[in-house]
Visitor: 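What follows is a structure written as structure tokens; I'll ask about it next.
Below, chains carry the letters A, B, ... as their sequence lines are ordered, and counting in each starts from 1. Note that this is a predicted model, so its numbers are computed, not measured.
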Number of protein chains: 2
Amino acid sequence: MVTVVAETLTKESFEEYGTIISPDEEISRMQNLEKGANQGTAIKLLQVSQVENKSTSKVPNWNLFRCFPQPHLNRVFTQGSNQAISHSIKVLEKHPCSTQTFVPMGRTSAEVAYLVVVAKEIGNKPDLSTLRAFTCLGNQAVTYGLGTWHAPMIVLGKEEHLDFSVLIYESLDPDRPEKDCVEEHYSDGDVCIII
Amino acid sequence: MVTVVAETLTKESFEEYGTIISPDEEISRMQNLEKGANQGTAIKLLQVSQVENKSTSKVPNWNLFRCFPQPHLNRVFTQGSNQAISHSIKVLEKHPCSTQTFVPMGRTSAEVAYLVVVAKEIGNKPDLSTLRAFTCLGNQAVTYGLGTWHAPMIVLGKEEHLDFSVLIYESLDPDRPEKDCVEEHYSDGDVCIII
């Protein structure tokens, strides 16, 4: 059995698993908060998250996910404070040929809106010794690195659902679905996250 | 002088200018609301918005914009009801070699969060006879079509700012910035949107 306690998502804490778009964090580090873009009405940061493509597709797809919290996660979570809620991970997946970016829409930046669970690889399987989990705010987007193992999206909070715009290169080859997505399954209770 | 009244953003109303990711609209049209994705916890819609690339870059950039509402727009707007606020458009821009997607983060789906202003082209300039403006919700993302003229992002609402994850192919050639962005400027009051 593997148990991991969820951490707060930051650029540094996630860097071995991918990249994130984290406005509050990035802008709090800026010396000069001059609004240099859009005729003085915006701050612009370039290339904050990396897209990678090893698929045969030329351009990525925009997919829409409407994700529903499971009953035991349909409650308020506060960033940085663990409420000892246990959540079992029954599948991890990876996209061998593409990064995948989840951008949440419709939740405020003050709310803990979703949980990401990631692991590195050993012998083509998730290396559970590297399993980590991160609570994410309503204005943080996450890009899973190319081939990074991760749990399917896990939504947190009292709302009914959370929408994501999701960017990924896909071949969508009905004969070879594994080109886009490989899964690894676990029994209930074998892999647990404490949130 | 050109004056246009802002409309509600829908897939149909925007289709001549680009594509949008509009969860409430798309999901309300679905016959079968079965949660077929993520082990029964999500509804997934494929290829909801199109990415196009005519640049020399192989992969798009993720840029971060933190946009601040101008004082006269720093108030609550309600979708579908016009409050006769006049806003002057002083610049339109286009990206000749790439679509550009703005995904808002941090605002609820009930709120009017931003305004997009678009126009088609005539003789390499914006065709102001095709100028239209759309009010957008906190859970709607917009992809400007390749080469579509548009105003730099205009944020609406009482919050201090609105963050966007923005996807675009860019060459970032310091010697030839016009490869990425061409602008057309107008005098104050020449082009007005009523919101």
Visitor: Which value, rounded to the nearest 0.5 Å, describes the distance between B/Cys67 atom SG and B/Glu160 atom CD?
Guide: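 B/Cys67 SG to B/Glu160 CD: 12.0 Å, rounded to 0.5 Å.
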
Visitor: Enumerate by number any residue of residues 107-116 of chain B whose heavy atoms lie under 4.5 Å from heavy atoms of chain A; in the absence of such residues, state 'none'.
Guide: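 If one takes a 4.5 Å heavy-atom cut-off, the residues of residues 107-116 of chain B near chain A are B/Arg107, B/Thr108, B/Ser109.
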
Visitor: Can you tell which part of B/Ile154 gets under 4.5 Å to a heavy atom of chain A, answering side chain, backbone, both or neither?
Guide: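 Looking at B/Ile154, nothing touches chain A.
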
Visitor: Less than 4.5 Å to any heavy atom of chain A: does that hold for the side chain of B/Thr101, its backbone, both, or neither?
Guide: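 When you check distances to chain A, only side chain atoms of B/Thr101 fall under 4.5 Å.
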
Visitor: Hey, any chance A/Val59 and B/Ile168 share a hydrophobic cluster, counting ILVMFWY side chains that come within less than 4.5 Å of each other, even indirectly?
Guide: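 Unlinked, A/Val59 and B/Ile168 end up in two clusters.
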
Visitor: So what's closer than 4.5 Å to chain A heavy atoms on B/Val91: side chain, backbone, both or neither?
Guide: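 B/Val91 touches chain A through side-chain heavy atoms alone.
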
Visitor: With distance as the sole criterion, is a donor-acceptor pair present between the side chains of A/Glu159 and A/Asn74 under 3.5 Å?
Guide: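 No, because no side-chain N or O of A/Glu159 sits under 3.5 Å from a partner of the opposite role on A/Asn74.
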
Visitor: Below 4.5 Å, heavy atoms only, C-beta onward: do B/Met105 and A/Pro23 meet side chain to side chain?
Guide: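 Yes, side chains in contact.
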
Visitor: Given heavy-atom pairs under 4.5 angstrom as the criterion, report whether the side chain, backbone, both or neither of B/Tyr169 touches chain A.
Guide: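 The answer is the side chain of B/Tyr169.
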
Visitor: With sequence neighbours left out, write down each residue that passes side chain to side chain donor-acceptor pair (under 3.5 Å) with B/Lys90, or none if nothing qualifies.
Guide: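 Not a single residue meets the side chain to side chain donor-acceptor pair (under 3.5 Å) criterion with B/Lys90.
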
Visitor: Against chain A, label B/Leu162 side chain, backbone, both or neither, depending on which of its atoms sit under 4.5 Å from a heavy atom there.
Guide: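 Neither part, no heavy atoms under 4.5 Å.
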
Visitor: How about residues 185-195 of chain B versus chain A: which residues have heavy atoms under 4.5 Å apart?
Guide: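 Checking residues 185-195 of chain B against chain A gives no residue, so none.
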
Visitor: Quick check: is A/Leu92 connected to A/Val182 through a chain of hydrophobic side chains (ILVMFWY, heavy atoms under 4.5 Å apart)?
Guide: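 Linked within one cluster.
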
Visitor: Please answer whether the main-chain N or O of A/Glu34 pairs with a side-chain N or O of A/Asn32 as donor and acceptor at a distance below 3.5 Å.
Guide: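 Confirmed, A/Asn32 side chain pairs with A/Glu34 backbone.
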
Visitor: Which region of B/Asn38, side chain (C-beta onward) or backbone (N, CA, C, O), has a non-hydrogen atom less than 4.5 Å from a non-hydrogen atom of chain A, or is it both or neither?
Guide: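 Both parts, heavy atoms under 4.5 Å.
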
Visitor: Given a strict heavy-atom distance threshold of 4.5 Å, which part of A/Ile27 is in contact with chain B: side chain, backbone, both, or neither?
Guide: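 A/Ile27 touches chain B through side-chain heavy atoms alone.
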
Visitor: When you measure from the side chain of A/Lys44 to the backbone N and O of A/Gly36, does any donor-acceptor pair fall under 3.5 Å?
Guide: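 Looks like no, no N/O pair under 3.5 Å.
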
Visitor: For A/Gln39, is it the side chain, the backbone, both or neither that has a heavy atom under 4.5 Å from a heavy atom of chain B?
Guide: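 Side chain only.
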
Visitor: Is B/Gln70 close to chain A through its backbone or its side chain, or both, or neither, when contacts mean heavy atoms under 4.5 Å?
Guide: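 The side chain, not the backbone.
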
Visitor: Please output the residues of residues 119-144 of chain B in contact with chain A, using a heavy-atom cutoff of under 4.5 Å, in numerical order.
Guide: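 Listed by number, the contacting residues are B/Gly138, B/Asn139, B/Gln140, B/Ala141, B/Thr143.
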
Visitor: For A/Asp180 and A/Lys94, what are the C-alpha separation, side-chain angles and deciding distance, and is it a salt bridge (Lys or Arg N to Asp or Glu O under 4.0 Å)?
Guide: CA-CA 8 Å; A/Asp180 288 336; A/Lys94 68 170 183 178; over 6 Å; no

Visitor: Do side-chain atoms of A/Ser98 reach the backbone of A/His95 as a donor and acceptor pair under 3.5 angstrom?
Guide: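 Side chain of A/Ser98 to backbone of A/His95: no pair is present.
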
Visitor: Say whether, by atom type as modelled, one donor and one acceptor occur between the side chain of A/His87 and the main chain of A/Ile85 under 3.5 angstrom.
Guide: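 Absent.
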
Visitor: Indicate yes or no for a side-chain donor-acceptor contact from B/Ser13 to the backbone of B/Leu9 under 3.5 Å, with no hydrogens or angles considered.
Guide: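 No, B/Ser13 side chain to B/Leu9 backbone: no donor-acceptor pair under 3.5 Å.
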
Visitor: So for B/Lys35, is it side chain, backbone, both, or neither that comes closer than 4.5 Å to the heavy atoms of chain A?
Guide: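 For B/Lys35, side-chain heavy atoms alone lie under 4.5 Å from chain A.
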
Visitor: Are the side chain of A/Gln100 and the backbone N or O of A/Gly145 linked by a donor-acceptor pair below 3.5 Å?
Guide: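 Checking the backbone N and O of A/Gly145 against the side chain of A/Gln100, no donor-acceptor pair under 3.5 Å is found.
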
Visitor: Would you say the side-chain atoms of A/Ser55 pair up with the backbone N or O of A/Ser57, donor to acceptor, closer than 3.5 Å?
Guide: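 Checking the backbone N and O of A/Ser57 against the side chain of A/Ser55, a donor-acceptor pair under 3.5 Å is found.
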
Visitor: Looking at A/Asn61, A/Thr41, A/Leu172, which has the largest count of heavy-atom pairs under 4.5 Å with chain B?
Guide: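 Top count of heavy-atom pairs under 4.5 Å with chain B: A/Thr41.
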
Visitor: Are any non-hydrogen side-chain atoms of B/Val48 and B/Glu26 less than 4.5 angstrom apart?
Guide: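 Yes; the side chains approach each other to less than 4.5 Å.
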
Visitor: Give the member of B/Gly106, B/Ala42, B/Pro104, B/Pro60 that has the highest number of heavy-atom pairs under 4.5 Å with chain A.
Guide: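 Looking at each of B/Gly106, B/Ala42, B/Pro104, B/Pro60 in turn, B/Gly106 comes out on top.
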
Visitor: What about A/Met153 and A/Tyr17, same hydrophobic cluster or not, with Ile/Leu/Val/Met/Phe/Trp/Tyr joined at side-chain heavy-atom distances under 4.5 Å?
Guide: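 Yes, A/Met153 connects to A/Tyr17 through the hydrophobic network.
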
Visitor: Could you measure the distance from the CZ atom of B/Phe65 to the NE2 atom of B/His161? Nearest 0.5 Å is fine.
Guide: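 B/Phe65 atom CZ to B/His161 atom NE2 measures 15.0 Å (nearest 0.5 Å).
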
Visitor: Spell out, yes or no, whether B/Leu45 and B/Ile21 are grouped together once hydrophobic residues are joined by side-chain heavy atoms under 4.5 Å, including indirect joins.
Guide: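 Result: yes, single cluster for both.
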
Visitor: Among A/Leu46, A/Asn53, A/Val166, which has the most heavy-atom pairs under 4.5 Å with chain B?
Guide: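 Looking at each of A/Leu46, A/Asn53, A/Val166 in turn, A/Leu46 comes out on top.
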
Visitor: Taking A/Ser49 for its side chain and B/Trp62 for its backbone only, find out whether a donor-acceptor pair lies under 3.5 Å.
Guide: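 Side chain of A/Ser49 to backbone of B/Trp62, a donor-acceptor pair under 3.5 Å: no, none is there.
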
